[in-house]
**Q** 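Submitted below is the structure of interest, expressed as structure tokens.
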Amino acid sequence: MRLSGKPQQSHGAVIFAAAFILMTLLIFYGSNNVHDTTHAPFHMSVSQAPKNTDLKKWAGKTGYVSVHGDKNMNLHCHSCALVTSSSHVLGTEAGAEIDRMECVIRMNDAPTTGYETDVGNRTTLRVVAHSSVFRVLRKPKEFLRFSERSPVVIFWGPPNKLSKDAKGTLYRLIQRVGMTYSNVSFFSVEQNKMRRFDSLFHKETGRDRQQSHSWLSTGWFTMVISIEICDNVVVYGMVPPNHCGKRSVSKKMPYHYYKPRGPDECGMYLTNENGRRGNHHRFITEKQVFARWARQYNITFVHPKW
């Protein structure tokens, strides 16, 4: 009897151990996939986000501080061309069409020299991130000589870098350049409005920017500012939110049209969108929001059209 009982006990122990391991794995898997939102991919469906924002009443054109002098940010345009820095603008021959717009909006250090056929030559407003200040100001002949009557440059960034009380050198550098180019109106986004940009991101995506380790892109600021100051906006070169998930997308496109050896655009978008550690731009999520805004406001996307 003892000889025949050992195999039964051993068989029962194996079954119990297997069941225990299976239950442990199921609990572990469930806890990681249901309860752990800290390390989950950022991407969310746009249909889950609130849809009550009215950007025309959101903040108006307040919250912009003149860097030199006492100028007011009162720019208003009926039609605007928002020219992105994407390499999708190359080969479009949209330059003449862009230059015919009442106002032309560009970002950071995106140049026009050498690319006029595709991106045009005029610039009415340039929106510049704190990380691009040196790149813009070290080439004033390219970025600060405007053909417009009252061109505007808006700088955005953390208050410790771009506020009047900041101890850093960026604000003072912008002030000095502003004295030289007195025909250009230089503004920085004040601290209260920076917080409003964060709150807007939270409201539109359902995610707190800081808790989700997200960096707002210059595109986010530029799109909101464009809606504030323009009655109609045509966006050149911005891909739709589902572009990088298409199987048909095989050709690599440089992230910036003026950096042909730079990183691939879709690679950059996907890496940032799904980044779980560190801070990341959420390009795809931002474009989901832009798609919704396009239905609320007069926004058209071309090259590609969507």
Side-chain angles (χ1 to χ4, degrees), residues 41-43 81-95 98 104-123 125-144 153-158 161 170 213-223 226 235-288 290 301-306:
F42 182 89
H43 185 71
L82 196 170
V83 186
T84 72
S85 301
S86 170
S87 59
H88 283 273
V89 299
L90 297 178
T92 61
E93 298 186 353
I98 290 170
V104 181
I105 303 170
R106 304 185 193 273
M107 292 180 275
N108 292 325
D109 57 331
T112 58
T113 303
Y115 303 95
E116 295 89 344
T117 301
D118 295 323
V119 304
N121 187 51
R122 293 178 49 235
T123 304
L125 167 66
R126 188 176 289 272
V127 181
V128 180
H130 63 97
S131 56
S132 298
V133 169
F134 287 111
R135 291 197 297 271
V136 169
L137 298 186
R138 73 184 180 185
K139 293 183 178 180
K141 291 183 179 180
E142 170 63 42
F143 301 116
L144 300 180
V153 180
I154 295 177
F155 297 92
W156 70 270
K161 294 182 180 294
L170 284 184
H213 303 289
S214 301
W215 276 340
L216 298 180
S217 72
T218 301
W220 177 267
F221 285 88
T222 307
M223 184 65 78
S226 298
V235 183
Y236 292 80
M238 184 178 290
V239 297
N242 65 343
H243 173 78
C244 294
K246 295 178 180 178
R247 293 183 179 181
S248 58
V249 178
S250 58
K251 181 182 178 181
K252 291 187 176 182
M253 302 289 287
Y255 178 58
H256 289 139
Y257 68 80
Y258 49 95
K259 294 182 179 179
R261 296 183 180 180
D264 172 58
E265 184 177 72
C266 276
M268 178 77 76
Y269 282 10
L270 294 172
T271 298
N272 276 271
E273 187 68 23
N274 298 314
R276 303 183 182 189
R277 294 185 179 181
N279 294 309
H280 302 274
H281 292 305
R282 309 300 181 176
F283 295 112
I284 296 174
T285 294
E286 288 185 1
K287 286 171 177 55
Q288 280 196 312
F290 296 165
F301 299 92
V302 295
H303 307 299
K305 186 176 181 180
W306 51 286

**Q** CD/Glu265 to NE2/His256 distance, rounded to the nearest 0.5 angstrom?
**A**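 With rounding to 0.5 Å, CD (Glu265) is 9.0 Å from NE2 (His256).
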
**Q** Please check if the side chain of Glu116 supplies one atom and the backbone of Gly114 the other of a donor-acceptor pair under 3.5 Å.
**A** yes

**Q** Checking His130 now: which residues fulfil side-chain hydrogen bond (donor to acceptor under 3.5 Å, both in side chains) with it, not counting sequence neighbours?
**A**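 His130 satisfies side-chain hydrogen bond (donor to acceptor under 3.5 Å, both in side chains) with no residue once adjacent residues are dropped.
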
**Q** Do Tyr257 side-chain atoms and Pro111 backbone N/O form a donor-acceptor pair below 3.5 Å?
**A**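 Indeed, once roles are kept as given, a pair shorter than 3.5 Å links the two residues.
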
**Q** Excluding sequence neighbours, so at least two apart, what forms side-chain contact (heavy atoms from CB on, under 4.5 Å) with Met253?
**A**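 For Met253, the residues satisfying side-chain contact (heavy atoms from CB on, under 4.5 Å) (neighbours in sequence not counted) are Ser87, His88, Lys251.
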
**Q** With side chain to side chain contact (heavy atoms under 4.5 Å, CB included) as the criterion, how do Leu170 and Phe134 come out once you've worked through the C-alpha distance, each side chain's angles and the decisive distance to 0.1 Å?
**A** CA-CA 8 Å; Leu170 284 184; Phe134 287 111; 3.4 Å; yes

**Q** Whether the side chain of Arg126 engages the backbone of Ala110 through a donor-acceptor N/O pair (distance < 3.5 Å, no angle test) should be reported.
**A**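 It does hold such a pair.
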
**Q** Could you tell me the separation between the NE2 atom of His243 and the CH2 atom of Trp306, rounded to the nearest 0.5 Å?
**A** 11.5 Å

**Q** Counting N and O atoms only, with roles assigned by atom type, does the side chain of Arg106 sit under 3.5 Å from a partner on the main chain of Leu125, one being a donor and the other an acceptor?
**A**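 No; judged by distance alone, with no hydrogens or angles, the pair does not exist.
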
**Q** Distance from Met268 atom CE to Cys244 atom SG, nearest 0.5 Å?
**A**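 So the gap between those two atoms works out to 11.5 Å.
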
**Q** Are there over 12 heavy-atom neighbours, none belonging to Lys259, within less than 6.0 Å of that residue's NZ?
**A** yes

**Q** What pair of heavy atoms forms the shortest contact from Ile98 to Val104, and how long is it?
**A**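 Taking Ile98 first and Val104 second, the nearest heavy atoms are O-CG2, 3.4 Å.
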
**Q** Which residues pass the salt bridge (charged side-chain N to carboxylate O under 4.0 Å, His left out) test with Arg135, not counting sequence neighbours?
**A** Asp109

**Q** Rounded to the nearest 0.5 Å, what separates atom OG1 in Thr222 from atom CG in Asn108?
**A** 7.5 Å

**Q** Assess the residue pair Tyr258 and Tyr115 against the criterion (ring pair (Phe, Tyr, Trp, His ring centres under 6.0 Å)); give the C-alpha distance rounded to whole Å, side-chain angles, the decisive distance to 0.1 Å, and a yes or no.
**A** CA-CA 8 Å; Tyr258 49 95; Tyr115 303 95; 7.2 Å; no

**Q** Looking at OG of Ser86 and OH of Tyr236, how far apart are the two atoms once the value is rounded to the nearest 0.5 Å?
**A**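 Taking OG in Ser86 and OH in Tyr236, the distance rounds to 14.5 Å.
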
**Q** To check you understand the geometry: which heavy-atom pair defines the closest contact between Val89 and Asp118, and what is its length?
**A** O-CB, 3.4 Å

**Q** Taking all non-hydrogen atoms of both residues, which atom of Met107 and which atom of Leu82 are closest, and how far apart?
**A**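 The pair with the smallest heavy-atom distance is CE-CD2, 4.0 Å.
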
**Q** Considering all heavy atoms of both residues, which atom of Phe283 and which atom of Ser217 are nearest to each other, and what is their separation?
**A** CE2-CB, 4.0 Å

**Q** Could you give the distance from NE2 (His303) to CD (Glu93), rounded to the nearest 0.5 Å?
**A**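 Answer for the NE2-CD pair, His303 versus Glu93, is 9.5 Å.
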
**Q** Indicate the atoms forming the closest heavy-atom contact of Ile284 with Glu273, along with that distance.
**A** N-OE1, 3.1 Å

**Q** Closest approach of Val239 and Pro304, non-hydrogen atoms and distance?
**A** CA-CG, 4.0 Å

**Q** Take Glu142 and Thr112 through the test side chain to side chain contact (heavy atoms under 4.5 Å, CB included) and record every step on the way to the result.
**A** CA-CA 8 Å; Glu142 170 63 42; Thr112 58; 3.4 Å; yes

